[in-house]
Amino acid sequence: MRTRPAGIGNVNADWMGSLPSKLSAMPLKYLAVPGSHDSFTFWVDVHAPVGPDQKAYVKYLATMFSVLAKKVMVKWSMTQNLTFREQLDAGIRYFDLRVSSKPGEPGNEIYFIHGLFGHKVRDGLFEISSFLGRHKKEVVFLDFNHYYAMDAEHHVYLIRMLQEVFGSKLCSDCAVESVTLNYLWEKKYQVIVFYHHPSAQGIPVMWPGNKIPAPWANTTEPNKLIKFLDTTLKERNKQGSFHVTQAILTPTVNTVAKGLVWGLRDYLVEKNLPVIMSWVQTQRPGADGVNIITSDFVELTDFANIVIKLNNLLLSDPERNPR
């Protein structure tokens, strides 16, 4: 399999709403759902300070070498090329979100972050909400899993923002096994928000992070990644949670040093994607299989299509169907 630009366009804009009735009646935890890793990194701000998620030595280098250092950081911070709307049109339904305030900035504004600051969170949420308004049967998972430079007021601000933007589209926390597309359509729910912070406890529309485990291989080697993914799928919780398979490689400091001028995509991701995607193609959804699968640069292969088509196995192989 060769990497190539794919998935751009709206061919998968309504894939959930187009699933056969047998699949829309199954718990979402049994379906294969394409997702993106560090979903918001299609744009980062080289003029803003380095983010508080970075280690002290990175901040020091950025201070010393300023624009040059940040240009290098861009190449290693960006894990996606498509905007939220383009990802949604391509079929992506799970978003991995990391957020931060800007230290020293007045007010409580929250930004996406991965080494460098991205867009305001509010702008991204409106873009997602606009898509959902046009595609009434599509459902998204918003996984807020890392927070930086945020105190209690920032969390109140962000949670209120989520409630204001999505309103009645927000699905209340409930038994994962009861969440089918049919159930969501009946209730007119389109957004499941996971909020990995105590600030959200007691708020019905904020799901706890333990209901969406996402084991992380933390390796640069595709063979080690695949072994890790196989192992963690076997250990997947049978009850009470969705499951994220992070089909991604993670650069080390040594990796960045060796591939400094090339960046994440050219030095690490693109050459290894064929091996990773070959593994994805052999997977099955269902009680003992994959659920959400995430990737970097989702447009480089036919990622979303490959993941979505795995659901056909639930129709053709009755022995694998969840009971």
Side-chain angles (χ1 to χ4, degrees), residues 36-80 82-85 87-88 95-133 140-170 191-209:
S36 57
H37 170 239
D38 282 321
S39 308
F40 48 85
T41 56
F42 49 85
W43 180 85
V44 289
D45 187 358
V46 296
H47 300 293
V50 172
D53 60 330
Q54 288 300 293
K55 293 179 180 178
Y57 75 88
V58 176
K59 295 178 184 177
Y60 172 76
L61 289 172
T63 301
M64 292 297 292
F65 300 102
S66 191
V67 175
L68 179 62
K70 288 180 182 177
K71 284 183 178 179
V72 171
M73 286 186 69
V74 167
K75 291 186 177 183
W76 288 95
S77 293
M78 292 180 68
T79 65
Q80 304 297 334
L82 302 185
T83 66
F84 280 133
R85 177 175 176 176
Q87 289 182 49
L88 287 161
F95 296 92
D96 167 34
L97 305 171
R98 302 160 195 226
V99 296
S100 177
S101 71
K102 281 186 181 177
E105 180 179 88
N108 294 317
E109 199 62 70
I110 307 296
Y111 299 82
F112 296 117
I113 192 166
H114 188 227
L116 297 168
F117 287 99
H119 286 292
K120 291 179 180 179
V121 171
R122 183 180 297 274
D123 293 340
L125 298 183
F126 275 125
E127 190 169 7
I128 293 169
S129 183
S130 177
F131 173 87
L132 295 174
V140 297
F141 299 81
L142 303 184
D143 191 359
F144 288 85
N145 50 57
H146 287 73
Y147 308 87
Y148 301 96
M150 290 178 59
D151 57 25
E153 288 185 1
H154 290 110
H155 285 285
V156 169
Y157 178 82
L158 177 55
I159 292 168
R160 186 174 296 149
M161 181 196 306
L162 287 161
Q163 293 173 309
E164 289 173 355
V165 172
F166 295 116
S168 62
K169 293 187 182 80
L170 289 168
V191 183
I192 304 176
V193 174
F194 298 88
Y195 205 93
H196 300 237
H197 194 274
S199 297
Q201 288 179 3
I203 301 175
V205 292
M206 299 289 114
W207 290 55

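Everything numeric here is computed off the predicted structure, so don't read it as measured data.
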Candidates Arg122, Lys102, His119, Arg98 - the one meeting side-chain contact (heavy atoms from CB on, under 4.5 Å) with Tyr111: Lys102
Main-chain N/O of Ala149 paired to Ser101 side chain as donor or acceptor, under 3.5 Å: yes
If I compare all heavy atoms of Phe117 with all of Pro103, which pair ends up nearest, and what's the gap? CZ-CD, 4.2 Å
For a quick check under 3.5 Å, do Ser36 and Gln87 share a side-chain donor-acceptor pair by atom type? yes
Begin from the C-alpha positions of Leu162 and Met206 and carry the test side chain to side chain contact (heavy atoms under 4.5 Å, CB included) through to its verdict. CA-CA 9 Å; Leu162 287 161; Met206 299 289 114; 4.1 Å; yes
Does a side-chain heavy-atom distance below 4.5 Å link Tyr157 with Ile110? yes
Do side-chain atoms of Asp123 reach the backbone of Val121 as a donor and acceptor pair under 3.5 angstrom? no
Tell me the closest heavy-atom pair linking Gln80 and Asp38, and the distance in Å. CG-O, 3.7 Å
Considering only heavy atoms from C-beta outward, does the side chain of Gln201 approach that of Pro198 to under 4.5 Å? yes
Are His155 and Tyr195 near enough that their ring centres are under 6.0 Å apart? yes
Stepwise side chain to side chain contact (heavy atoms under 4.5 Å, CB included) test for Ile192 and Val140: CA-CA 6 Å; Ile192 304 176; Val140 297; over 6 Å; no
Can you say whether the rings of Tyr148 and His146 are parallel (under 30°), tilted (30 to 60°) or perpendicular (over 60°)? parallel
Stepwise, does the side chain to side chain contact (heavy atoms under 4.5 Å, CB included) test hold for Leu125 with Leu142? CA-CA 10 Å; Leu125 298 183; Leu142 303 184; 4.2 Å; yes
Distance-minimising heavy-atom pair for Phe141 and Phe194: CD2-CE1, 3.6 Å
Out of curiosity, Phe126 CZ to Met161 CE, how far, rounded to the nearest 0.5 Å? 8.5 Å
Hey, does Leu97 have a side-chain heavy atom less than 4.5 Å from the side chain of Asp143? no
Mind checking whether Ile159 and Ile203 have side chains closer than 4.5 Å, heavy atoms only? yes
Give the minimum heavy-atom separation between Ser129 and Lys169, together with the two atoms involved. OG-NZ, 3.6 Å
Within a strict 4.5 Å, meaning less than it, do heavy atoms of the Leu158 and Val99 side chains meet? yes
Does Tyr147 have its ring centroid less than 6.0 Å away from the ring centroid of His196? no
Does any non-hydrogen side-chain atom of Val74 lie less than 4.5 Å from one of Leu116? yes
What pair of heavy atoms forms the shortest contact from Leu88 to Ile128, and how long is it? CD1-CA, 4.0 Å
Smallest heavy-atom separation, His154 atom then Asp151 atom, equals ND1-OD1, 2.9 Å
Report, as yes or no, whether the 6.0 Å neighbourhood of atom CD on Glu105 holds more than 12 heavy atoms from other residues, nucleotides or ligands. yes
Could you tell me whether the side chain of Val44 reaches within less than 4.5 Å of the side chain of His114, counting heavy atoms only? no
Aromatic ring proximity, centroids under 6.0 angstrom, Phe84 and Phe42: yes
